[in-house]
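This report concerns only the one structure given below.
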Amino acid sequence: MTAYAIFSLTAFVVYLFAGIYPVVKYKRDAVSILFMLTCLSLAVWSFAYAFVYMEYSVFWIKLSSVGWCFFSALVLHTMLRFARISFFLKPLPQALLYVIPGILLFMRVFMMDTGAGISGVNEVMFQWLDNGYDLIYQLAALGVAVRMRLQSQNRRQRKLLELVLASAALTFAANYIFQFVLPVTDLPDLPAAGQLYCLSLILGVTWANHRYGLFSLSEHVLYDEILTEMMDSFFLLSTEGRIQRINRRTVGLLGYSQEELENLPLRDLCVEKDVIDTIVSGSNTSDTTAYAEVSFMSRTGRMIPLRLSFSRIKDKSTGDVLGIMTIGQDIAVKKRLQEEIRIHQEFERKLRESEERFRAMFDKHSAVMCLVDPESLQILSVNNAALAFYGYSFKDFEAMKLTALDGTSLQEGVAMARHIVQEQSAVLHMKHKLADGDIRDVEIHSSAVPFGKRSIIYSIIHDITERKKAEDYISFLAYNDSLTGLSNRKMFYERVEKAIEAAKSAGGVFAVIYIDMDDLKFINDTYGHEDGDTVLRELGRRMNELTRSGLTAARLGGDEFAMLLPGVGTMKEALMAVDDISQHLRKSIQMGAREINVQASIGISLYPSDGEDVESLLKQADFKMYAVKKERKSTKRFRATSENR
């Protein structure tokens with residue numbers, strides 16, 4: 001077997017892995033599938049040429065043509081889909097890309113007499129068609145990449161395209177040097193090796209995906225399951241404004257399928273397209289969160305008003321924008337309330353003509369309402385709903401200022417009231433104290449209405465306490481485990497990354513320990529999962545006690561926990577700390593009349609000797625933990641065997 005044959009078989013394996021891995025690892029979109037087909041064409045080409053190098057055969061030449069005939073078309077097709085050029089998103093233009101390579105394949109397979117020529121067809125014309133096809137398609141692919149590089153405003157995408165361009169240029173340059181330059185020189189003939197120098201392109205694209213996320217966002221962007229279940233709408237957008245992720249709430253709200261919404265520009269769902277364009281185009285330069293109220297059109301044609309907040313997701317190491325996190329709140333109720341206020345304001349205008357009619361509306365309305373003097377903050381009047389909500393009587397309110405409810409100073413309250421009068425309306429979020437001492441979060445919609453020669457403030461007050469609690473709980477779950485209250489995997493990774501940065505600058509050492517609770521499955525099977533959850537909560541409480549001494553504890557999932565031990569300089573110190581932790585966790589748990597004993601297997605890794613990143617440190621600690629668990633099981637079996645004897 002020749003060196004070229006061995007190299008070709010090696011390239012065959014590389015092409016197979018490089019093509020299949022993105023489709024298995026990431027989502028199966030058009031770009032990743034086309035890249036896989038490109039790699040498979042090169043794999044066929046390399047596999048066939050391994051045998052051509054060993055023993056020339058027409059069969060293997062014909063088989064290799066399946067690969068090289070379609071390679072240039074697949075490269076161009078992949079670039080066109082990655083650039084999302086609208087014309088080539090249609091089926092017919094995409095199919096036309098493969099007409100010329102199809103003709104070349106037919107001529108090579110069915111009109112080939114020997115390996116040296118084509119029967120009945122002018123070989124020169126065939127070579128012109130083949131070379132022209134390669135030249136035009138490959139230059140077009142490079143042109144699309146250059147165009148995207150020049151138009152991109154995203155630093156991360158520019159680097160990605162520069163890497164792809166460099167590897168593609170190297171491949172295409174080598175192709176034309178071997179095909180056109182070397183044959184006219186006096187250098188000895190070299191074997192055809194096109195499938196080998198194509199490795200440059202494939203490895204360059206593979207590295208671009210690993211480094212910059214070609215087929216998906218970077219692994220550093222975590223998409224927690226809580227987002228899929230949250231009641232607010234959630235979109236994860238690319239930097240171009242295309243939907244990359246969407247939660248179930250939004251899918252149900254809009255009425256489209258998950259597949260229809262993914263990779264769709266968000267602007268296509270909105271009535272106010274210019275608002276979305278402005279926010280997305282400014283997301284790469286603005287450091288602030290942007291807000292907008294837009295109306296979405298559902299599949300059934302229903303208008304859905306949402307208040308959207310747009311926040312950038314940045315790579316901590318490079319500062320590049322990876323995507324845009326968008327959370328939408330359904331403001332249909334708010335719109336109805338605004339309309340209600342508008343109606344009330346209309347009634348206010350007619351107050352001079354029919355004060356009695358306004359009073360009837362005011363008193364009997366189900367929403368909490370009040371009238372306030374903006375200068376003194378004296379409460380002038382409230383309706384029956386306000387009496388029921390706050391628990392005060394009419395007499396109490398008549399002697400009360402607004403500051404008694406919201407706890408602000410008179411100076412602060414007057415300033416807010418004057419602002420409302422000046423702007424004619426405002427929406428405030430505050431905390432109000434009820435008669436029984438309970439504190440409630442309220443949303444206040446206030447308007448200035450004429451009252452004789454001056455204005456008074458008319459407010460509609462909504463209790464949003466439960467909504468605020470839900471929002472706070474969602475924020476808590478983003479970084480904490482819902483069962484134990486410990487940090488979750490995301491928070492733990494961030495803490496360890498900060499510890500690594502601090503250790504690099506100060507030359508410090510710290511330890512990461514991996515903890516597995518040995519008996520949780522036995523407890524679940526014996527006593528039930530409810531008791532198993534109780535055990536996990538108790539272990540979480542104990543670990544929280546340990547965190548007061550400077551440790552960071554996290555639940556990674558199931559019965560697996562991890563801890564960050566700062567200031568541990570040696571393995572001996574780490575073992576001493578782990579012994580204390582093990583003793584603390586090993587205490588029996590009293591559950592009614594039962595006493596449950598728990599035992600933990602613990603593995604330790606030290607920075608930097610066991611790894612210089614989070615994954616390496618956890619992997620080493622996990623490996624050592626399993627070694628401890630395995631040794632413990634072996635000891636138990638040995639003892640059991642000895643006792644049976």
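All values below were derived from every heavy atom in this structure, side-chain atoms included, with hydrogens, water molecules and symmetry-related copies excluded. No experiment lies behind these values; they were computed from the predicted model shown.
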Value rounded to 0.5 Å, distance of CE in M297 from CZ in R302: 11.0 Å
Side chain proximity check, V14 to L203, heavy atoms < 4.5 angstrom: yes
Qualifying residues under salt bridge (Lys or Arg N to Asp or Glu O under 4.0 Å), relative to D622, sequence neighbours excluded: none
Side-chain touch D559/D516, heavy atoms, less than 4.5 angstrom: yes
Rounded distance [0.5 Å steps], CG in L40 versus CG in L16: 6.5 Å
Centroid-centroid distance, H77 to Y98, less than 6.0 Å: yes
Residue from V205, T38, V144 passing side-chain contact (heavy atoms from CB on, under 4.5 Å) with T78: T38
Short side-chain to backbone donor-acceptor contact, T171 and L201, under 3.5 Å: yes
Which atom of V294 lies closest to which atom of I276, heavy atoms considered: CG1-CD1, 4.3 Å
Heavy-atom closest pair, residues M79 and A141: CG-O, 3.7 Å
Evaluation steps, salt bridge (Lys or Arg N to Asp or Glu O under 4.0 Å), between E262 and R242: CA-CA 8 Å; E262 285 188 356; R242 293 183 177 275; over 6 Å; no
Residues Y514 and Q620: side-chain donor-acceptor under 3.5 angstrom: no
Residue pair Y256 / V251, side-chain heavy-atom distance below 4.5 Å: no
Salt-bridge criterion met for D610 and K619 (N-O under 4.0 Å): no
R81-Q94 side chain donor-acceptor pair, cut-off 3.5 Å: yes
Within-4.5 Å side-chain heavy-atom neighbours: V24 and Y21: no
Heavy-atom pair of closest approach, residues V321 and R312: CG2-NH1, 3.8 Å
Gap between atom CZ of F12 and atom CH2 of W45 - 0.5 Å precision: 15.5 Å
Flag side-chain contact, heavy atom, 4.5 Å: F492 against D481: no
Lys/Arg N to Asp/Glu carboxylate O, E162 vs R149, below 4.0 Å: yes
Close side-chain approach of E272 to E293, heavy-atom, < 4.5 Å: no
From CG (L74) to CG (L97), nearest 0.5 Å: 9.5 Å
Test item: N488 and K490 side chains (from C-beta on) under 4.5 Å apart, heavy atoms: yes
Value rounded to 0.5 Å, distance of CG in L254 from CD1 in I246: 6.0 Å
Other residues, nucleotides, ligands: >12 heavy atoms within 6.0 Å of K521 NZ: no
Within the 6.0 Å centroid threshold, strictly below: F296 and F235: yes
Under 3.5 Å donor-acceptor, S616 side chain and G611 backbone: no
Contact summary for V614 and I500, nearest pair of heavy atoms: N-CD1, 3.9 Å
Qualifying residue for side-chain contact (heavy atoms from CB on, under 4.5 Å) with L306, from S233, C270, S295: S233
R555 side chain to G558 backbone, donor-acceptor under 3.5 Å: yes
Minimum heavy-atom distance G323-T239, with the two atoms named: N-CG2, 4.2 Å
Heavy-atom check, side chain of R249 versus side chain of F234, under 4.5 Å: no
S200 (side chain) donor-acceptor with S167 (main chain) under 3.5 angstrom: yes
Closest heavy-atom pair and its distance - C69, Y133: O-OH, 2.5 Å
C39 SG to L34 CG distance, which is reported to the nearest 0.5 Å: 11.0 Å
